[in-house]
Each structure stands twice: as structure tokens, then as C-alpha cells.
Amino acid sequence: MPDCLFCGIAAGEVAATIVSANSRTIAFRDINPQAPVHVLIVPRVHYANLAELGAAEADLLAELVAHAREVAVGEGIVDAGYRVVFNTGQQAGQTVEHVHAHVLGGRPMSWPPG
Ligand code: 5GP
Ligand code: ZN
């Protein structure tokens, strides 16, 4: 998708700190971390949000979630606990229209989120 930031990161055209990557999904550190661990996981192909990805490629969504879990293991936050978030749409605060999972951890978190 032209002019999509996360397509650019997935293609290696926009710099990012890559945590891990495979043929279908890529994990990189959020540029404005909200916790000691804040990693974004995206599919290499473009879908605007969780609903579009889930409707079109449920298997790819499952791979994305599995990759989020691998990141949590690699970051050492599984035992303490962590949060996986898909902001979807304007009121939820989605700012990048390429579906992404946030993996957040490394500090206590409140619920419900703001
Ligand atoms: P959203 O608000 O859409 O759920 O999350 C978008 C996330 O992308 C934000 O947490 C924001 O900090 C992050 N972000 C925005 N621009 C960049 C960038 O250029 N590089 C990286 N690594 N993260 C970015
Ligand atoms: Zn994209």
C-alpha cells in the first residue's frame, strides 16, 4: 500500500528496530514506548485493521498472535504478565491504518485502560 508507514517498515524502506521477523509477520519496537517492553507485530501484507485481517485471512491473524506470544517469551515478560492490544478505529486511538498488535509489558498495568 503506497504511503503506508508499516508497509514501509515491513519492506525495509523505513527504519525500525526489528525484534524478529518471518516470511509473513514482523515485530519491531514502538517508536514511542508506553512500557519497558512495547513491540508492534504486523503482517507484511496490508490490512487496515483487525476486522479486515480476520475476515480475509484468519490463518494469518493466528500467526500474528503466535508471533506476539513469541515476542513476549523473548522479552522475558511471560511469567510477570503482559498485554496484547489491537486498537481498532478512531475512538480506540488507532493512528496507523495497517493492522498491528501492541505487546506491552515490564510494568504493572491498570484496568480498564484509559
Ligand atoms: P495505534 O495508535 O495505531 O494503535 O498505534 C500506532 C503505534 O505506532 C503508536 O504506538 C506509535 O508510537 C507507533 N509509531 C508511529 N510511527 C512509528 C514509526 O515511525 N516507527 C515505529 N517503530 N513506531 C511508530
Ligand atoms: Zn500497510
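Below, all heavy atoms of this structure are taken into account, side chains as well, without hydrogens, waters or symmetry copies. Remember, it's 1-based here, ligands and their atoms both numbered in the order they're listed. Everything numeric in this text was worked out from a predicted model, so none of it was measured.
Counting just the N/O/S atoms of His46, the one with the shortest distance to the Zn ion (ligand 2) is named ND1. Residue His98 approaches the Zn ion (ligand 2) most closely through its N/O/S atom ND1.
Taking the Zn ion (ligand 2) as the apex, the angle formed with SG of Cys7 and SG of Cys4 is 110°, to the nearest 10 degrees.
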Q: Carefully, step by step, assess Leu50 and Leu61 under the rule side-chain contact (heavy atoms from CB on, under 4.5 Å).
A: CA-CA 8 Å; Leu50 176 62; Leu61 172 57; 3.6 Å; yes
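At the shortest separation from atom 19 (O) of ligand 1 among protein heavy atoms lies Leu5 CD2, 3.6 Å. Nearest non-hydrogen protein atom to atom 5 (O) of ligand 1 is His100 NE2, 3.0 Å. When only non-hydrogen protein atoms are considered, atom 14 (N) of ligand 1 lies nearest to Ile31 CG2, 3.7 Å. With respect to atom 3 (O) of ligand 1, the closest heavy atom belonging to the protein is Thr95 N, 2.7 Å. Atom 22 (N) of ligand 1 has as its closest protein heavy atom Arg29 O, 2.9 Å.
At least one side-chain heavy atom of Arg69 sits under 4.5 Å from a side-chain heavy atom of Val78. Counting only heavy atoms from C-beta outward, the side chains of Leu64 and Phe86 approach each other to under 4.5 Å. Put simply, the side chain of Phe28 does not reach to within 4.5 Å of the side chain of Val19, judged on heavy atoms. Looking at heavy atoms from C-beta onward, Leu40 lies out of side-chain contact with Ile9 at the 4.5 angstrom threshold. Put simply, the side chain of Leu60 reaches to within 4.5 Å of the side chain of Arg24, judged on heavy atoms.
The closest approach between any non-hydrogen atom of Gln34 and ligand 1 is not below 4.0 Å. Ligand 1 lies out of reach of Ala16, whose nearest heavy atom is not under 4.0 Å from it. Using a non-hydrogen distance threshold of 4.0 Å, Glu97 does not register as a contact of ligand 1. Using 4.0 Å as the threshold, Phe86 has no heavy atom nearer than that to any atom of ligand 1.
Less than 4.0 angstrom separates some heavy atom of Asn32 from each of these atoms of ligand 1: 12 (O). Every atom of ligand 1 is numbered from 1 in the order shown, and the set under 4.0 Å from a heavy atom of Phe28 is 22 (N). Per-residue contacts place Phe6 under 4.0 angstrom from the following atoms of ligand 1 (heavy atoms of the residue considered): 8 (O). Each of the following atoms of ligand 1 lies closer than 4.0 Å to a heavy atom of Gly93: 1 (P), 2 (O).
Phe6 and His100 have perpendicular rings, their planes meeting at more than 60° on a 0 to 90° scale where under 30° would count as parallel.
With values rounded to the nearest 0.5 angstrom, Arg83 atom CZ is found 11.5 Å from His38 atom NE2. Between the CZ atom of Arg44 and the CD1 atom of Ile26 there is a distance of 4.5 Å, given to the nearest 0.5 Å.
Atom 7 (C) of ligand 1 has its nearest heavy-atom neighbour, among Asp30, Val96, Ile9, in Asp30.
Residue Leu40 has no nitrogen or oxygen atom sitting less than 3.5 Å from a nitrogen or oxygen atom of ligand 1, judged on distance alone. Considering both main-chain and side-chain atoms, Gln94 never comes within under 3.5 Å of ligand 1 through any nitrogen or oxygen pair.
The shortest non-hydrogen separation linking Gly105 to Ala35 is O-CB, 3.5 Å.
No more than 12 heavy atoms of other residues, nucleotides or ligands shown are found within 6.0 angstrom of CG on Asp79.
Between Glu75 and Tyr82, the side chains place no donor N or O within less than 3.5 Å of an acceptor N or O (distance only, hydrogens not considered).
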